[in-house]
**Student:** 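Here it is: the structure, laid out below.
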Amino acid sequence: MSIFEYNGSALVAMVGKNCFAIASDRRLGVQLQTVATDFQRVFKIHDRLYIGLSGLATDAQTMYQKLVFRHKLYQLREERDMKPQTFASLVSALLYEKRFGPFFCQPVIAGLGDNDEPFICTMDCLGAKELAKDFVVSGTASESLYGACESMYKPDMEPEELFETISQALLSSVDRDCLSGWGGYVLLVTPTEVQEKILKGRMD
Amino acid sequence: MGDSQYSFSLTTFSPSGKLVQIEHALQAVGSGQTSLGIKAANGVVVATEKKLPSILVDETSVQKIQLMTPNIGVVYSGMGPDSRVLVRKSRKQAQQYFRLYKEPIPITQLVRETAAVMQEFTQSGGVRPFGVSLLIAGYDDNGPQLYQVDPSGSYFSWKASAMGKNVSNAKTFLEKRYTEDMELEDAIHTAILTLKEGFEGQISGKNIEIGIIGADRKFRVLSSSEIDDYLAEVE
């Protein structure tokens with residue numbers, strides 16, 4: 001079994017009209033055994049920037065701690081929050097620093113940039129960025145997620161519709177992957193508010 | 001100065017609480033050629049005298065005003081070679097920032113890092129402080145900005161400032177002439193008039209240098225013919 005499949009994970013982020021949504025599954029496993037059903041994979045960097053980390057859970061947690069550290073110093077020095085594009089470049093640089101002994105995680109970054117423009121991107125474990133205008137996926141269920149998102153996604157969805165779409169895409173994809181699932185966690189961000197919702201799907 | 005017993009070692013405070021080497025470094029700056037900067041509402045202008053030691057020197061090969069990044073420029077008063085070292089280090093820091101964040105470095109951050117380098121050389125063994133004060137001018141997301149950095153490593157943001165030989169006359173002149181809503185063109189004229197105040201000899205496009213940056217965020221050094229045109233306007 002590959003190191004990326006040791007814990008199991010599913011992550012997806014989608015762009016809507018002046019909003020974005022980022023969602024993850026909640027299972028933490030040790031190969032085939034389920035160890036937790038409330039594991040957090042999506043983390044807040046600041047009010048308008050979130051990062052989800054799939055792959056090896058320990059690396060996901062460590063990467064998150066390093067990124068929060070860097071962002072806090074940036075906030076103190078520059079007296080402003082990081083733009084999503086800048087943050088993505090930082091994550092990419094940090095991952096590449098470990099080119100020959102990498103962190104086994106794949107980030108999904110989602111944020112609202114200047115003029116409330118939504119920004120999403122993903123990268124591999126070495127920091128190769130992939131910017132997308134519609135959706136990005138990551139984790140053991142990524143192949144199913146690609147299929148589900150491709151068929152369910154429409155551009156310029158309003159927040160309510162975006163929430164429905166991303167939830168359906170996530171739940172149907174994790175049902176086809178034995179290593180991810182046990183419910184879902186969706187975060188919907190608009191310029192004025194942030195909504196967090198827990199989804200109940202097949203609990204297996 | 002009565003502190004001469006304590007002026008040998010850079011890293012030793014004198015009883016009056018001064019680092020005498022830094023005082024001496026400021027003297028080196030104060031006997032350098034005059035330079036000044038003015039922040040306008042829509043840009044920044046920096047200017048300096050360019051008095052060459054002999055008429056045989058090829059003036060086109062000398063450039064005192066230099067770029068740190070496409071949108072940040074710098075002029076100095078004091079020892080030219082010291083300023084070149086600082087410009088080199090700052091350019092590298094600006095590029096490192098860009099490599100990490102893929103975003104041009106904000107002026108405040110570059111000034112802070114340049115000042116940190118200058119401070120390092122006031123607290124390390126076997127080195128001496130830089131014999132230059134820098135005027136760093138740029139235009140970024142926070143608008144036009146002008147900073148002065150001293151050999152001690154302290155820096156200040158200025159609306160208009162001068163350094164070098166003629167500093168007190170130049171500053172008095174600038175205090176009288178400066179207005180908050182000055183446009184870049186007015187600032188260039190004021191800069192030329194300020195330099196003229198203390199200039200020995202005939203001022204021309206060949207013996208002063210002017211650098212400007214406007215809302216286009218591209219710092220550029222004016223050519224000598226452009227300077228001559230401005231000089232004609234000012235007459």
**Student:** Between CZ of A:R77 and OG1 of B:T108, what distance do you get to the nearest 0.5 Å?
**Tutor:**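 Atom-to-atom, A:R77:CZ and B:T108:OG1 are 10.5 Å apart.
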**Student:** Side chains of A:S92 and B:K102: does their closest heavy-atom pair fall under 4.5 Å?
**Tutor:**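 No, too far: nothing below the 4.5 Å cut-off.
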**Student:** Within the supplied structure, the quantity of interest is the number of heavy atoms (other residues, nucleotides, ligands) at a distance under 6.0 Å from A:E150 CD; does it exceed 12?
**Tutor:**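 Not more than 12 within 6.0 Å, no.
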**Student:** Heavy-atom pairs under 4.5 Å with chain B: which of A:Q85, A:E79, A:K83 has the most?
**Tutor:**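 Among A:Q85, A:E79, A:K83, the one with the most close pairs to chain B is A:K83.
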**Student:** So with a 6.0 Å cut-off around CD of A:E143, is the heavy-atom count from everything else above 12?
**Tutor:**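 12 or below, so no.
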**Student:** Heavy-atom count around B:R88 CZ within 6.0 Å, excluding the residue itself: above 12?
**Tutor:**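 Open: at most 12 neighbouring heavy atoms sit under 6.0 Å from CZ of B:R88.
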**Student:** Please flag which part of B:D141 lies under 4.5 Å from any non-hydrogen atom of chain A: side chain, backbone, both or neither.
**Tutor:**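 Side chain only.
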**Student:** Would a 4.5 Å heavy-atom cut-off, applied to side chains only, mark B:L100 and A:R70 as touching?
**Tutor:**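 B:L100 reaches A:R70 side chain to side chain.
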**Student:** Please report the interatomic distance CD(B:Q109) to OH(A:Y74), rounded to the nearest 0.5 Å.
**Tutor:**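 So the CD of B:Q109 and the OH of A:Y74 are separated by 7.5 Å.
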**Student:** Using a cut-off of 6.0 Å, state whether more than 12 heavy atoms not belonging to B:D216 lie near its atom CG.
**Tutor:**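 Above 12, so yes.
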**Student:** Just wondering, are more than 12 heavy atoms of other shown residues or ligands nearer than 6.0 Å to CD in B:Q123?
**Tutor:**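 Open.
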